[in-house]
Amino acid sequence: MSIIPASVSRFFHRTASSPHFYALADKFIPWLIVLFLLLLIPGLYGGLVMAPADYQQGDSYRIIYIHVPAAWMSLFIYVLMAIMGGIALIWHMKLAEVMLISSAPIGAGFTFIALVTGSLWGKPMWGTWWVWDARLTSELILLFLYLGISALYGAIEDKRSAARAVSILALVGVVNIPIIHYSVEWWNTLHQGPTVSKMDKPSIHISMLIPLLLMAGAFKVYYAIAVLQTAKLELLKREATAQWVKNLLENKA
Amino acid sequence: MSLTQAFLAIIRRDLLLAFRRRAEMANPLLFFVMVVTLFPLAVGAQPNLLQAMAPGVIWVSALLAALLSLDSLFRSDFDDGSLEQLLLSPHSLPVLVLGKIVAHWLVTGLPLLLVAPLLALFLGLPERAMPTLWLTLLLATPMLSLIGAIGVALTVGLRRGGMLLSLLVLPLYIPVLIFASSAVDRAASGLPVTAQINILLAMLLLALVLTPLPTAAALKMSVN
Amino acid sequence: MSLTQAFLAIIRRDLLLAFRRRAEMANPLLFFVMVVTLFPLAVGAQPNLLQAMAPGVIWVSALLAALLSLDSLFRSDFDDGSLEQLLLSPHSLPVLVLGKIVAHWLVTGLPLLLVAPLLALFLGLPERAMPTLWLTLLLATPMLSLIGAIGVALTVGLRRGGMLLSLLVLPLYIPVLIFASSAVDRAASGLPVTAQINILLAMLLLALVLTPLPTAAALKMSVN
Amino acid sequence: MTLESFLHMGGYAFYVWTSYGITTAVLLWNLFAPIVQRKQLLRQLALKQKRAQR
Amino acid sequence: MEHTNPAELAVVDLACGRDDRLLFSGLSFGLRPGQVLLLEGSNGSGKTTLLRTLCGFREADEGEIRWCGQLLEESSYYADMAYVGHAEGIKKELTVLENLRFALALSQPGHYGIDEALQKVQLAGYDDNPVHTLSAGQKRRLSLARLLITHNILWILDEPFTSLDRQGIDLIETLIDAHVKQGGMVILTSHHDLSLHHIGLQRIHLDSCL
Amino acid sequence: MEHTNPAELAVVDLACGRDDRLLFSGLSFGLRPGQVLLLEGSNGSGKTTLLRTLCGFREADEGEIRWCGQLLEESSYYADMAYVGHAEGIKKELTVLENLRFALALSQPGHYGIDEALQKVQLAGYDDNPVHTLSAGQKRRLSLARLLITHNILWILDEPFTSLDRQGIDLIETLIDAHVKQGGMVILTSHHDLSLHHIGLQRIHLDSCL
Ligand code: HEM
Ligand SMILES: Nc1ncnc2c1ncn2[C@@H]1O[C@H](COP(=O)(O)OP(=O)(O)OP(=O)(O)O)[C@@H](O)[C@H]1O
Ligand SMILES: Nc1ncnc2c1ncn2[C@@H]1O[C@H](COP(=O)(O)OP(=O)(O)OP(=O)(O)O)[C@@H](O)[C@H]1O
Ligand SMILES: [Mg+2]
Ligand SMILES: [Mg+2]
């Protein structure tokens, strides 16, 4: 603990206490929803209506507005989970454990979306639903990583041990992330190389780029909302007998 | 209650249990998908090769997935004493055991039927072979459960039964594998497959009648 | 006694145990041979196809054999309390764990090295690819044990860990599989493989240094 | 741009709208499943507490 | 229920062993309706082994077991007996009700309905609780409820008092008492002292059966 | 052996639970050389859980455990303690000698040599027998021999008397006695009555620690 200033540590301790977090989540969620809609609606309008059709791909490229943000999220959430796993292991922070395990189903959801939308995009573009190239296959493996984390957590009855186990697994599994990300550069594949994420000079038109970035933002906010909801459930499950839950129930009744 | 009612009650209970343990239930399916996925990674993205391998890969993977799912057939019943209660039932044990096998197949075999065509499509198996693939899976996966049940029943009392189980069961699976995969192979080349299908059907009927008896006997031995 | 002595004592003991349990020890090898032989049965006698599949088949089978042998790494120690005693030793746990992994590889990985070339020959892998096959197996099978150890350590406390273990470990095996089988593939076509071998070597060194730590942490969690 | 041509998506309607549909379904599920489950859990806990108080 | 010859368990000259070690031999006894048999003996003396032999799970090394004068397989034995062992044969994932319904499906209905039985073992109101939410003592009670809802004459109980508190022990003694009064028989093992002295109680000490 | 501060185990305000259930809380005690602590309590009261927490296998829910004034990981605790639990940590396939040699390799040599220790636990002459040919009581004795050949101050014993006959029990009491007289400490659980009254014996009843 000594490497962290006392004030920061106190803040974490307070936020990390379950009832405080539970109340805080309730407070934040409405604002997050507003922000989500502010990003989503212009994003969808810009992407589906305003942006011109691609000169090569026609309208099918509009799948990009969900495929790419979802694929990004699938990687981003896993990295976040690994970080939270590290925090949970080093500082024994319960809240990090809860956030980690709550992220798994959402990450799996985004991975699934990336796979399905990619497949649906691949049919008109490449003429096939699926090719066994490095990026596609490794994204499929990422789905298994997410499912493995959820399965391991479910299999261990003592939830404290389960959270430790999952933290270790999340940290170890993070080695696959660079493989997925760089697969297009390491192996020549059918899949698009980095077009958007080359930040210095994105090779995509600005009218297509802006909705894409809006959608990416919307998905991030969505993640925040969903993970808070799931974390609330997880906290309740883990601390069903705690005093603060009893108080909560009494206030409701 | 009557024997039929007991039979149905077992199926109903095991399906309910599978539903309550959803996460575990998905494992054989995931394993199947994962093993199939390993091959393209191992041979590289060579569509023609993958297409030629497809029937073999799908079938070997299905076989291994069935093999590894077998343990769950009697394990939890053995651990929590339900198996003892089953043996003490006045009803015919082979019939009750058949109930368990049917439920097991519904939970582990049937899902393979649903995803296998998808994976076959991804591997590039020609579409005209799909019905045959599906039919062979339909006929052969119950056989995998039926034959495997004997092996699990023999090893359920042992702690380190896993490997032993594979050694016992795999040789028994070989005939199924040969006929099923050759049927798919022929279908992919547009040849008739009636003979193979008929043989599989006959084998299935035989297995349905003959395997519950040794399984029941082996269970009795394991519970001692 | 010193840490080195403890490390060597663990290896010696596990080898002795493996020797006393000879029958069990042969299982992964048998499984490997059996899975490899399933393929010729499944795809029929098509020499060209078999030859093209050979690197993939050998590698996927080796991977599955390694996977299924993993359970024995900590299972018996967990059951009889030896694991607790290991955790209570004043010596560094990761080093002791590394000792166990080394012994496990000597018992389950090394035999694969001996039979794999033979099986590859049967499948028709060109002879010029043999040294590469052998080298990749030499570099990669220890990695399978090292990475797998994390998975077993996480699941050794669970009764129904088998399937879960595969789900956890297979994704982690993928990088190994990709580089190893592509090296063999290239060697079969007469291409240079230095890059792949170097990557495998680097991965092995990394795994040697990095995996014992999470394994030790996971074991502590499992013993609770 | 008419609504019809919008829905038609230049002939790619199936691919585009299936993508958006599945995405919506998954995202909604991940959002509402925990909410529903939490409501259920709270109800269960409240019942239990009431039973304990009796 | 449609028995013409009187229900009777007869054990003649039974010997059982584990591995090569003989646990007991020359064991003979008979049990008639209204009787209770209490097996005693130190740990590892073979009590559980004897009960499991009586259930037909193990074969005896020597001797025979008869039900109504017939060998077990030829008699209505399995329709007439019920066993509660160390493992309770209850599914943790199912609810109390689902577990009992399944037990009933494997057997014939007995004296009590499910509701009545739950009342009797003080589990009324827990119908829809999954079993894993029950305490160890409540689980034991549930496994005893099974005895009440199915048809049976002979109860074989291996340490039925484990994980039960004083009140639970009293409850079982009452149940055994009632069962025996209705013409049932009970064989049980226990390390506890029993307050069943008023009924026809036989005791067998296994340590002395060698 | 090269300890400057006096060996001492201090447990402060310890609380442990399983799942959501609290087993005990507010448990504090200290143990000094020459003392024995006997844990009592009914089945499931948390005795084993406490011992395993003391071994560092489980984390306590609250409170702390100190060895010579330091937290366990920072002290020489693991070099100074030894644990014999329900599972004995003995390999059935290895001989008595091989098992003890391995135990020695993981630790530091203690007061006795292997031969001497086998003599003490009455296993002399069994050196080359594979352990699976020993009886349960002999296995227990072997696991106790481990305590004698390795260096340790604190013994943590979970029901050391199980599967021992009267003579075996006396033997252990003698061993404990000797260990304590040499400045050792012992924590044990037992359902048996101990005849250790003459030494500094603390008792803690876990049922009352809630
Ligand atoms: C099932 C099939 C597919 C999968 C699993 C998949 C997966 C992914 C993943 C994981 C990323 C994120 C990469 C990263 O940020 O490192 C990505 C990005 C992307 N994908 Fe796909 N994809 C699939 C099909 C397609 C198709 C058919 C197209 C278009 C023809 C496409 C176009 C793109 C584009 C443009 C990006 C953004 C690249 C960048 O700038 O980072 N994808 N995809
Ligand atoms: N599965 C088994 N394999 C081999 N031996 C066994 C097995 N189970 C029990 N034994 C041995 O058989 C003997 C009798 O065991 P049994 O379980 O019948 O004793 P018990 O009288 O029920 O003891 P307890 O009072 O502990 O329940 C014991 O010595 C035990 O070691
Ligand atoms: N692995 C486990 N998972 C969950 N709960 C457990 C586990 N092991 C024990 N328990 C529970 O924890 C409680 C304490 O168990 P513990 O083993 O510490 O008791 P004990 O005092 O040693 O009992 P005994 O006298 O039977 O040895 C018991 O109620 C038990 O049901
Ligand atoms: Mg017993
Ligand atoms: Mg205990």
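So that the names make sense, note that chain A is the first sequence line, chain B the second, and so on, each numbered from 1. Since the model is a prediction, treat every value here as computed from it, not as a measurement.
Here the CG-CZ distance, from C:Leu219 to F:Phe57, works out to 11.5 Å after rounding to the nearest 0.5 Å. Rounding to the nearest 0.5 Å places CD of C:Gln85 at 9.0 Å from OG1 of F:Thr150. Taken to the nearest 0.5 Å, the CD atom of F:Gln108 stands 9.0 Å off from the OG atom of C:Ser2.
Of the listed residues (C:Lys220, C:Met221, C:Arg12, C:Glu84), the greatest number of heavy-atom pairs within a distance under 4.5 Å of chain F belongs to C:Glu84. Of all the listed residues (C:Asp77, C:Leu17, C:Leu87), the one sharing the greatest number of non-hydrogen pairs under 4.5 Å with chain F is C:Leu17. If you tally non-hydrogen atom pairs under 4.5 Å between each of F:Ile90, F:Leu94, F:Thr53 and chain C, the highest count goes to F:Leu94. Of the listed residues F:Arg101, F:Glu59, F:Lys92, F:Arg146, the one with more heavy-atom pairs under 4.5 angstrom with chain C than any other is F:Arg146. Chain C forms the most heavy-atom pairs under 4.5 Å with one residue out of F:Gly85, F:Ala87, F:Pro130, and that residue is F:Ala87.
Summarising the geometry of C:Asn224 relative to F:Arg58, their closest heavy-atom pair is C-CG, 3.4 Å, with the distance given to 0.1 Å. The minimum heavy-atom distance linking C:Pro90 with F:Tyr78 is given by the pair CD-O, 3.8 Å. Annotation for C:Ala6 and F:Leu106: closest pair CB-CD2, 4.3 Å, computed over non-hydrogen atoms. Contact between F:Lys91 and C:Asp80 at its shortest, heavy atoms only, is NZ-OD2, 2.9 Å. Contact detail for F:Ser107 and C:His91: the closest heavy-atom pair is N-NE2, 4.5 Å.
Heavy-atom distances place no part of C:Leu8 under 4.5 Å from chain F, backbone and side chain included. Of the two parts of F:Tyr83, the backbone and the side chain both hold a non-hydrogen atom closer than 4.5 Å to a non-hydrogen atom of chain C.
Within 6.0 Å of atom CZ in F:Phe29, more than 12 heavy atoms from other residues, nucleotides or ligands are found, so the atom counts as buried in its surroundings. Heavy atoms from other residues, nucleotides or ligands lying under 6.0 Å from CZ of C:Phe7 number more than 12. For F:Glu8, the CD atom counts as densely surrounded, since its 6.0 Å shell holds more than 12 non-hydrogen atoms of other residues, nucleotides or ligands.
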For this session: Output, in order, the C-alpha distance, side-chain angles, deciding distance and verdict of side chain to side chain contact (heavy atoms under 4.5 Å, CB included) for F:Glu98 and C:Arg13.
Result: CA-CA 8 Å; F:Glu98 285 162 350; C:Arg13 184 197 64 158; over 6 Å; no

